[in-house]
Protein chains: 12
Amino acid sequence: MGQSRHILVLHGPNLNLLGMREPEIYGTVTLGEIDAELSERAKSQDATVETFQSNHEGALIDRIHAARGKADGILINPAGLTHTSVALADALSAVALPAVEVHLSNLHRRESFRRRSYCAAACRGTISGLGARSYYLGLEALLEILSEKK
Amino acid sequence: MGQSRHILVLHGPNLNLLGMREPEIYGTVTLGEIDAELSERAKSQDATVETFQSNHEGALIDRIHAARGKADGILINPAGLTHTSVALADALSAVALPAVEVHLSNLHRRESFRRRSYCAAACRGTISGLGARSYYLGLEALLEILSEKK
Amino acid sequence: MGQSRHILVLHGPNLNLLGMREPEIYGTVTLGEIDAELSERAKSQDATVETFQSNHEGALIDRIHAARGKADGILINPAGLTHTSVALADALSAVALPAVEVHLSNLHRRESFRRRSYCAAACRGTISGLGARSYYLGLEALLEILSEKK
Amino acid sequence: MGQSRHILVLHGPNLNLLGMREPEIYGTVTLGEIDAELSERAKSQDATVETFQSNHEGALIDRIHAARGKADGILINPAGLTHTSVALADALSAVALPAVEVHLSNLHRRESFRRRSYCAAACRGTISGLGARSYYLGLEALLEILSEKK
Amino acid sequence: MGQSRHILVLHGPNLNLLGMREPEIYGTVTLGEIDAELSERAKSQDATVETFQSNHEGALIDRIHAARGKADGILINPAGLTHTSVALADALSAVALPAVEVHLSNLHRRESFRRRSYCAAACRGTISGLGARSYYLGLEALLEILSEKK
Amino acid sequence: MGQSRHILVLHGPNLNLLGMREPEIYGTVTLGEIDAELSERAKSQDATVETFQSNHEGALIDRIHAARGKADGILINPAGLTHTSVALADALSAVALPAVEVHLSNLHRRESFRRRSYCAAACRGTISGLGARSYYLGLEALLEILSEKK
Amino acid sequence: MGQSRHILVLHGPNLNLLGMREPEIYGTVTLGEIDAELSERAKSQDATVETFQSNHEGALIDRIHAARGKADGILINPAGLTHTSVALADALSAVALPAVEVHLSNLHRRESFRRRSYCAAACRGTISGLGARSYYLGLEALLEILSEKK
Amino acid sequence: MGQSRHILVLHGPNLNLLGMREPEIYGTVTLGEIDAELSERAKSQDATVETFQSNHEGALIDRIHAARGKADGILINPAGLTHTSVALADALSAVALPAVEVHLSNLHRRESFRRRSYCAAACRGTISGLGARSYYLGLEALLEILSEKK
Amino acid sequence: MGQSRHILVLHGPNLNLLGMREPEIYGTVTLGEIDAELSERAKSQDATVETFQSNHEGALIDRIHAARGKADGILINPAGLTHTSVALADALSAVALPAVEVHLSNLHRRESFRRRSYCAAACRGTISGLGARSYYLGLEALLEILSEKK
Amino acid sequence: MGQSRHILVLHGPNLNLLGMREPEIYGTVTLGEIDAELSERAKSQDATVETFQSNHEGALIDRIHAARGKADGILINPAGLTHTSVALADALSAVALPAVEVHLSNLHRRESFRRRSYCAAACRGTISGLGARSYYLGLEALLEILSEKK
Amino acid sequence: MGQSRHILVLHGPNLNLLGMREPEIYGTVTLGEIDAELSERAKSQDATVETFQSNHEGALIDRIHAARGKADGILINPAGLTHTSVALADALSAVALPAVEVHLSNLHRRESFRRRSYCAAACRGTISGLGARSYYLGLEALLEILSEKK
Amino acid sequence: MGQSRHILVLHGPNLNLLGMREPEIYGTVTLGEIDAELSERAKSQDATVETFQSNHEGALIDRIHAARGKADGILINPAGLTHTSVALADALSAVALPAVEVHLSNLHRRESFRRRSYCAAACRGTISGLGARSYYLGLEALLEILSEKK
């Protein structure tokens, strides 16, 4: 077996309240549980994840920059920044790592401003509306993309 | 182990040409290969798939209707109809089966009219931009959703 | 009493599921019941109806064409095609028979895209939001329009 | 037979000139003739109508308010106010009586600003483009809606 | 010399405050002075004017209706109703008398919503931005139009 | 203590039904109760209020004009006219009295057309979404503004 | 009597064909006739006009520049350039002479792109829809404006 | 002389009624006559045409797919589907044959929604407004394009 | 007397410069003075306030999160973030505390982009245009809302 | 054989650089070659062409005017003026000669502002995207239109 | 030192009035002074400038064409044509010389239509809002770009 | 020589990656090299620069605030925040120091959302599309502006 892969998992603003916040939209699973599950799933495929949540656009961008040369791919739920942050999308383009955007809720069933995504064009693909599962499928996609590249 | 699940897989217009058409956008895998892979993956989870491709909006709607009482969920790539067919979206709402929308390409990197999806609001979630993998992850999501409901 | 009149009644996509689909929007009466009632009402006024439902835009257009020289007027619920089909509206204009557009639900209380109607300009009038009654009033209007022309 | 029903019929601005004004758009029947016909039709179904025309938005709203506890339903042709009066639409919502909106002409064949209706969402349904007949069918619909409720 | 002509002069909402209100936009001449000047100018051309100001859309419409068979033309400054009243414009179209729309201020130098005029299409022409002079020129235009028709 | 202040309180269309109309949006307090409370609060600060409700745009404008030289400030809930009446906003600008706009409900949680306010730019400030309290706080603000000016 | 005034009259593209072109829109009077009438009217008020027609935006701008220090006011029918030329409007602003914009036809009854005027904001006022009379009234307005300034 | 060329001619919805439908827009020539003329013109240039009309979007797409390896170019009048079908345009892109879009009427003189064409970007060029001649010129263009490629 | 209430007061970007910045828009009172006044007013009603200003969107969000279980309500002036931050609005929704949005200036008299508020829909109500008074009235509203809930 | 026909061929701005300018968009044929070919083709059908290129909107309009009574039809490539010149389109309408608009490139594959054509509505038809061939087909169409009229 | 460079400096409509026109927007320096300064600055860097002002779009385009093979770069202030001339922008693209667009005033502080620039995409860069300095910096940029290319 | 000037140079998000990120858009020079060059150029004109890069909107705002009383002018490349940050633009307005906005790339050749700049109206001028040179010219402009003020 070859070289292990490392994935940076980024959670945008307010996701730290997951499970405690509007469960009818976001479900009852907590961010800690999602991170644990992602870690376990990565391990089973000889990969590692490092996870980071922040309510600060700048901190998320700093972390994306820091991933250059360290991580092999990025799994990101930009949350509210999806619709408003050109800088975050530019950061993803700048580091040029394979990235997958995930959303817990189905953005097409919410306010119309949630349909615009600056990040989407900077990512390989998007998975939305499947709850915590959006993360797990996103990790799976990312690991497969990396396998092919090797 | 319990009751087996049956998934209807629908491919919209022009997907029959997959692998033969604009490979820089849609990749080189054929629809037959995707269907075979979906079948295999379903089998390994004690599920079955039935696949159907049509260039006819009406035929796709007829098939969705026919799934009532027969299929447990729908995996659909509406292709060009994504952006123009209210009737297809209404059909998904009408049968009220769990559905997941998939797209091979990243719609945010193409013409702006491809960003509008009538179907998305009628589905649980959407997976896009991951090539054939969008289908496989969509099947996985659908089977898990059905597992939870049991 | 004079010449009997013949009305073509067209039901667009998904209306075959009427009574079985989202009853909070569309009510519980079935399409068969509506057709029977229309037939009875026509008969009581020395008229006949022929009804046709299809999920295929093309089949509806074919049927409109076939009505030339056979039917005296058209009663149509274009359903989801109302908002997306220029071809269907063109067909109504092309045959130049008096037509009345009907809708079961009040389109102004639903998604904003349901407020655009290509068909409306090709019809004499529109009746919407009155459930199955929209059809019955539409038939009545059509028969009166035809009476005046004689 | 049971309890008689009473319908308030409201005619918006300029309808007093009906039959005298732009007959190619609005026809030659006068408002008096429409009122008489509505009265007769109501009587034949054990109902009564009271009719009111005004060119004053405020007077129409006052009359809608006055209908609370007196009328069982409202038949309204808001004319030019259809497209510009939020206050009139709010009045209809406020009294919470079943209401049907009618228009003599087909608004989809006229200026584009006539396609917007504030009133439509405050009414059960809309009937348009059928000349004086729009009123008669609207009355019929309203009486049937009231019959069902009893 | 022939038949005398009679002109209805209508002043929309807030024009009663003319000369007392925002003089930097509307000037210092009062409505009474404008009416007196219009009267004098009409007299010198063997014509008469009757003037009416109201803050009530409905009262203005009533007055337009009352002009049928009495006045030969209408000079109207719809003020704030210019931009919001379809009913007033419909009244002008309904009576089918030659009408000229006037504005004291240059609407293109003010808020963008003041650039939309429902009334303009119902009038022969529009004169704006010339202060009280807009009225005087409008009267002149109207009298000439009527002269030609005779 | 100095000169007493007098406030004109204006209630737009349909507010006479307050407490009787859609309580989930507008609450259960009646307009009479609001007026009484405003009167009491004014008295406690050596001020007086006069209140006026009308469903007529023109009557509200007339009343604003009549306030010139009589009232020291205007507290106004334009209701449905907020979004459609340029003439009402012009009246507020014309009399040049300090004015505060109030709304019972949070307009940002309702139909999108309720987000446009012609009146807002003609007022000092706006208070919305706080139920009857919007009025009381508006009065307070107005009295303080007037105190400062003395 | 005092100092004579000089007016530059500018006719935009295609106005040289007046009387020969689409008479149902523009009437049958020729540009020569309009110029002669303007000249006569000016003379009777102790003023002079100089007229210039061009199909070249640049030539019209040159002429406006040349009017600095020579003409006292500008009467302009920008024709098709009304809706498309920022440069022409800038020229009017640059020379800072009183200007009046005129149009033969009622722009509100034509294509929607004819409703936008770049020139209007650079002029004192606009007169439109009154045929050749638009010019004569415009001249009158301009001469009165100049009289007041002296 | 070399290898003969084969052209697929596609007629979209309602074109089967040509000559029988709204002759003031579409002319009096029938589709059969157009097909015969196209055939003759092709023959004279050592080419063949096969023609197909359908009111079904799906049937047109199927036929485009079937042309792969059989036809050398496509001449298409998408009719009402021009403005609404992404799937049809995708089919043209997918088969990657030279295509020319033709329209009988001048779309710029009709409803504004007819100005949007999804197909145009998938074709080499467009010919519109020249009646049946649009087809003949389109065939000529296509044959020349194919000649150059050889 | 019952349980004391605690209010979190949040000041968005640039408000630290209050009194030192564009006094013609924002007035001359400093943020320290506002905080002192709020504190005093709260104390007089048996409540406490804690105030926090930041130019960092993330810091404001962090503070909102920290208020869970500690504060009873939030008074927020989001300043420039009002119009651009979905994440901040999401934070307010997530903690589900009663919140009131305040603005010093009248946003309807400034640039059009200042009319959009993401935060408004996440708050009970909004108070704007009343200078420092907007804060004081907002505090009053919040304390009353909390009183009612007890 | 009858009367010879004369065609004015107009080339808009920058077309003089044809063959020397962006060949990937406009091809390598020069304007001189196109003119020569048009001349030859006309001659073979007993017609004559006169060609004119200008970078001046006004010069093109002058030339269109000069064609009255001299030319029988106009073939025009308005180039960049297509999208911005109302005056040029008005000139085509004014002279009322049959006109055909041509474009070398497919405007639907370029910047979105190139999709608007003021000229199109003033012409019989449009031919675009076929390179120099667009001109030749346009000439052919024009000559046939003229043949029919005789 | 190498080969001298030659720069074409183009001034669009109304710039000939510089220093005499609206000094609060455009400053008091004249065009002659700017040209002299540009000439001097060029000379000090072993370059030459030739300057040309015109109010004619066509003359500016002609001059751009004439620069082919003569000038090494273009410095252009398109003035009012910036926002309306596709033809001018096409000319810049056609000659394919390095170009820099300059504006005296800050277009973001003026009318909204001044924010659209057709020319910008045809130039390397844009310098705006810095008065005459915009030109001097633009020249500097252009000379440096040319130095690098050698 | 007089008083030295001090310039704050601000680099927005992702600019720290300059030279390492998408060189086809942003070039190969690093931010360190730009800062060094700016420093040198400032020194040669008896001025100093202090440079600051941050991916945090708030940190940039803090730094702008801190410049009050310390710096004489601001040179800012807001990067992705240009298009999304009202707060940053407000900060520039608040401190009221002369500011120049610079961009490395030509925003008119990129995604359409990059054409909107909130910052531009808060700055004296903008320089874009000239690579690192945009900074150097911006510094030059700023120093000259400051020289004039002294």
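To find a chain, count down the sequence lines: A is the first, B the second, and so on, and within it residues start at 1.
- Separating the CG atom in H/Leu88 from the CG atom in B/Asn55 is a distance of 10.5 Å, to the nearest 0.5 Å.
- The nearest pair of heavy atoms linking B/Gly80 to H/Asp90 is CA-OD2, 4.0 Å.
- Interatomic distance, B/Thr84 OG1 to H/Glu57 CD, rounded to the nearest 0.5 Å: 6.5 Å.
- Taking OG from B/Ser54 and CG from H/Asp62, the interatomic distance works out to 7.0 Å, rounded to the nearest 0.5 Å.
- Contacts of H/Ala121 with chain B are absent, with no heavy-atom separation under 4.5 Å from either backbone or side chain.
- Using a 4.5 Å cut-off on side-chain heavy atoms (C-beta onward), H/Tyr118 and B/Glu111 make no contact.
- Of the possible donor and acceptor atoms, none in the side chain of B/Asn14 sits under 3.5 Å from a partner among the backbone N and O of H/Ala94.
- Side-chain contact check for H/Val86 versus B/Leu81: every heavy-atom pair is 4.5 Å or farther apart.
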